[in-house]
Structure formats: C-alpha cells, structure tokens
There are 2 protein chains.
Amino acid sequence: MSIETELVETIFKNLTFTFEEKQLLAQSFKKLNLPKHSLLLEAGQQVYDQYFVADGCLRTYYIDPEGKEHTVQFAIEDWWISDYTAFFSSSKAVMNIECIQDAILFKISKEDMELLYLKIPKLESFFRKKMERAFASFQKRIISNLAQSASERYLSFVNFYPNIEQNVKNYHIASYLGITTQSLSRIRKELVKG
Amino acid sequence: MSIETELVETIFKNLTFTFEEKQLLAQSFKKLNLPKHSLLLEAGQQVYDQYFVADGCLRTYYIDPEGKEHTVQFAIEDWWISDYTAFFSSSKAVMNIECIQDAILFKISKEDMELLYLKIPKLESFFRKKMERAFASFQKRIISNLAQSASERYLSFVNFYPNIEQNVKNYHIASYLGITTQSLSRIRKELVKG
DNA sequence: TTGATTTATTACCATAGGTCAATTTTTTTG
DNA sequence: CAAAAAAATTGACCTATGGTAATAAATCAA
C-alpha cells in the first residue's frame, strides 16, 4: 500500500483529498517503526514533531524533581502523541515518551503542519476538532482527579481505556492515577472482595 | 465605541479585518453585563455559547454526587470560558459557571462560530492556537495535580494567577486545589511561619 | 527449562489531608 | 453604625494513601 493511501485510510478517514493533496500529505508524514521500551522523546530535547499511532502503545510521562514518574497520557491506535506544550510553542520537552508495545507511527513536524494548514485548509478544521476532543478529555481528567477517590479513578480508567490495561504495567497505571503501585494493589484487592 | 471596534480591539487584537468581516463579527457576538454572584450556566442546561471575558472574574465548577464543588477554571480579562466539553459536542452542561466579580462578556454561539470559520478562515487559526494554549495549560495542571503536594500546588496557583487571589474566596481556591478550606488555612499558616 | 531479573503483593507504621465542631474574623445589609 | 450572615481559622480526631521492606509471582534471557 502506498503511503498516500495509508495516510488517507488511517489518519484522515473521513476526509477526501485531491491527488495533489495526497502527494503533499505523503511528503509531510514519515512512517516510523518503534520497538518496545524505546524512548521516542526525552525531557530536554527540542520537540519538532507530533506522532500518530497507527499501531502499538505509548505513554507520555513527567519525571518530577524527586525522580518519580507521572504518566500524563497513554496513546494507542488512532491517537496522537507528543509533548504538546513543547510542540505548540516549539520549545524543549518537559515530558518523556516511551514505547510500551511495538508501535507504528506517522510523524509530522510542526513546520510541515503549518504549511499543510495553509495549503489544505480543511486540515485546520480537522485538527481544531481533534484539539477540542483532547481538551475535553483533559478536562474530564482534571475533574476526576479533583472529585474522585483513588479507587473511583481506577474504575474510570479501566472503563475509559479498556484495551490498555492488558498492555501496561501496574506502575504505569498507578502513576497515571497518582498513587503508588502498593495502593493500586490494595484497591484491586478491595474491588475483588467488595 | 461601536461593537465592531470593541471586538477587534479587545478579542482579536492581533488580527486585521475587512469592513465586511467586522460587520459579520459584530453580528455574531453579543455583549453581556453580568453581576457578581449570578450564574452564567448551570449543569443540565444545553450549552450554546462560549464567552470572552472583557472584564471581571468567573469560575467554572463541577458539583460532585456528594454535593461538593470542584473549581475547574477561573477566567479573568482576556480569557474565554464555557463548559467546553458540552459546547464542542453541543450537549448538556456538566459544569456550572458563576460570576465572581461583575463582568463584561462577549458571547458567541457554536453555530455562529462555525459559520465564521467558513467565512473568515483566519479565525480558525486564531481559535486553534487558543485551543493549543488552553490544552497546554490543562496539561500543566494535570502534572501539577499528580506531582505536587497541596502546598506546592497552592504556590503554583498564586504564581500562575497572581491577579485572581484578591478576587476570590478561600473556598474557591481550595476547591481548585482539591483540598478543604481548613487545609488551605493550615497551609497558609505554615507558609507564613516558613 | 532454569536461573536471573523485573514486577506485584502484602504487612506494618507514618503522614497529609479530611471531618466535625467551636470560635473568630470579615463582609454584607438595613 | 450595628446586627446578621458569610467566611476563615483553629483544634481534636480520623482515614486514605504513602514509605519501607520482605516475599511472591511473573517475565525474560541463556
């Protein structure tokens, strides 16, 4: 399958493009195979790209001054991932991105992105809507962090990411929920009992 | 001052418009005076609009099943506010929005917004960038909630919203930080002692 | 397959922050 | 300005979650 077809069929499912537009897309995106355990991005690096996950699983995490990891986001098939704060402002990453399950990605640079917006205006709509959904889901997460107990957050997580639980380590989930692995263990035990 | 001029000078400071575009903007936005303590939006209501804050202070909060309030966002001069999850998906509000200090707002409906995007494409860029910044700031908040203690979060808050602290009640800040007013009191006492 | 390494569980104690209730301070209203 | 209402503080006690450490289970690599 040509990369043009692949892009159009995986990333931009609901859009139609002219031949020239497809060419342009194919030139802007690069396909990437990423093995499990590899780091896609490290804190301190300049962030040029964002990545579409065609297959596999990754996570974005922040390492605090005490060295503890905090998972900000998981990304599976059909999600986008980057250190967006850095990507948007063309600055250095605060976060790390790790590949949790062998992944296939399509990457595009911010620069190419801006050019595409100019040349294919419908992409601006497409990405604005994507941002809106991402924003809404972050907002839900903030509410969940404020209003729910650890075990409620765990249940929300399992419900929201049903396909992820198998792929990730307990300490990934714990660091996403903002608790220790020990607490997660206890919570699960309680839930089985309860 | 005409509403056209007002809009262009307050909301869209860095953009230039043709006469017709300004007309269109003026027709799409409505100016609103909102007194302190009034509710701009209540959970359960259909969300049609988003609001630009020209002056004053508002907050978005969620009321959990136990009746506790959780402040998701403050908005002062130059910020936008709405229940964005509901606004984007044209659904019912989960959040409430309360006016904390007498406010002057400009509101625009989602419908008019989408029309404007079609007629004035540069607005799509403008709002995409706004979304990007909002997204980045939510991401920071998530990290802060995961990685920081209550007193660290309080210091970050004071630092990030230096002008808001005077305007809001302690219980607003506490509910933003995810703690009780009692804890906030204790934290402040500790910080003064040093 | 087996030993080595990584990950998960459990137990015990410590602590940040919550709850309830009383009191003081601040703000609002007539 | 005084009385009433709202907000903030404080204290005593409680609970959820954290930290440390030991053990068990699972995964990986030779």
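Quick note: numbers below take in every heavy atom, side chains included, and nothing from hydrogens, waters or symmetry partners. Letters A, B, ... mirror the listed sequences (proteins, then strands); counts begin at 1. Bear in mind the structure is a predicted one, so any value in this text is a computation, not a measurement.
- When the side-chain nitrogen and oxygen atoms of A/Asn170 are compared with OP1 and OP2 of C/dT6, none of them lie within a distance under 4.0 Å.
- The nearest whole Å value for the distance from the CD atom in B/Glu69 to the P atom in D/dA6 is 14 Å.
- Rounded to whole angstrom, the span from the NE2 atom of B/His172 across to the C1' atom of D/dA8 amounts to 14 Å.
- Residues B/Glu190 and B/Ser151 bring no donor and acceptor atom of their side chains to less than 3.5 Å of each other.
- Distance CZ (B/Arg188) to P (C/dT24): 21 Å, rounded to an integer number of Å.
- Direction of the helix axis in the helix from C/dT1-D/dA30 to C/dG30-D/dC1 shifts by 60° between the two five-pair termini, rounded to 10°.
- Here the C1' atom of nucleotide C/dG17 and the CD1 atom of B/Ile173 are 18 Å apart, to the nearest Å.
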#### Entry: Contact state string [nucleotides 12-30 of chain D, B base, S sugar-phosphate only, - no protein heavy atom under 4.0 Å]
B----SBBBB---------

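- A cation-pi contact, defined as under 6.0 Å to the ring centre and within 45° of the axis, is absent between A/Lys22 and A/Phe12.
- Checking D/dG11, D/dT9, C/dT10 against the side-chain heavy atoms of B/Lys189 singles out D/dG11 as nearest.
- Relative to the six-membered ring of A/Phe138, B/Arg141 misses at least one condition, a distance below 6.0 Å or an angle of at most 45° to the axis.
- Rounded to an integer number of Å, the gap from CG of B/Asp64 to C1' of C/dG18 is 14 Å.
- Between the side chains of B/Glu6 and B/Thr10, no donor N or O sits under 3.5 Å from an acceptor N or O.
- Rounded to whole Å, atom C1' of C/dG17 lies 14 Å from atom CD of B/Glu152.
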### Task
Take A/Glu114 and A/Lys110 through the salt bridge (charged side-chain N to carboxylate O under 4.0 Å, His left out) test and state the conclusion after the steps.
CA-CA 6 Å; A/Glu114 301 282 348; A/Lys110 177 163 167 87; 3.4 Å; yes

Report all side-chain donor-acceptor pairs from residues 97-107 of chain A shorter than 3.5 Å, counting only partners two or more places apart or in another chain.
residue, atom, partner, partner atom, Å
A/Glu98, OE1, A/Arg59, NE, 2.7
A/Glu98, OE1, A/Arg59, NH2, 3.0
A/Gln101, NE2, A/Asn167, O, 3.2
A/Asp102, OD1, A/Lys36, N, 2.7

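- Residues forming a ring-ring contact (aromatic ring centres under 6.0 Å, His included) with B/Tyr62 (at least two apart in sequence, or on another chain): none.
- Partners of A/Glu132 according to the side-chain hydrogen bond (donor to acceptor under 3.5 Å, both in side chains) rule, which considers only residues two or more places apart in sequence or in another chain, are A/Arg128.
- Remark: A/Tyr84 pairs with A/Gln50 by the side-chain hydrogen bond (donor to acceptor under 3.5 Å, both in side chains) rule, at least two apart or across chains.
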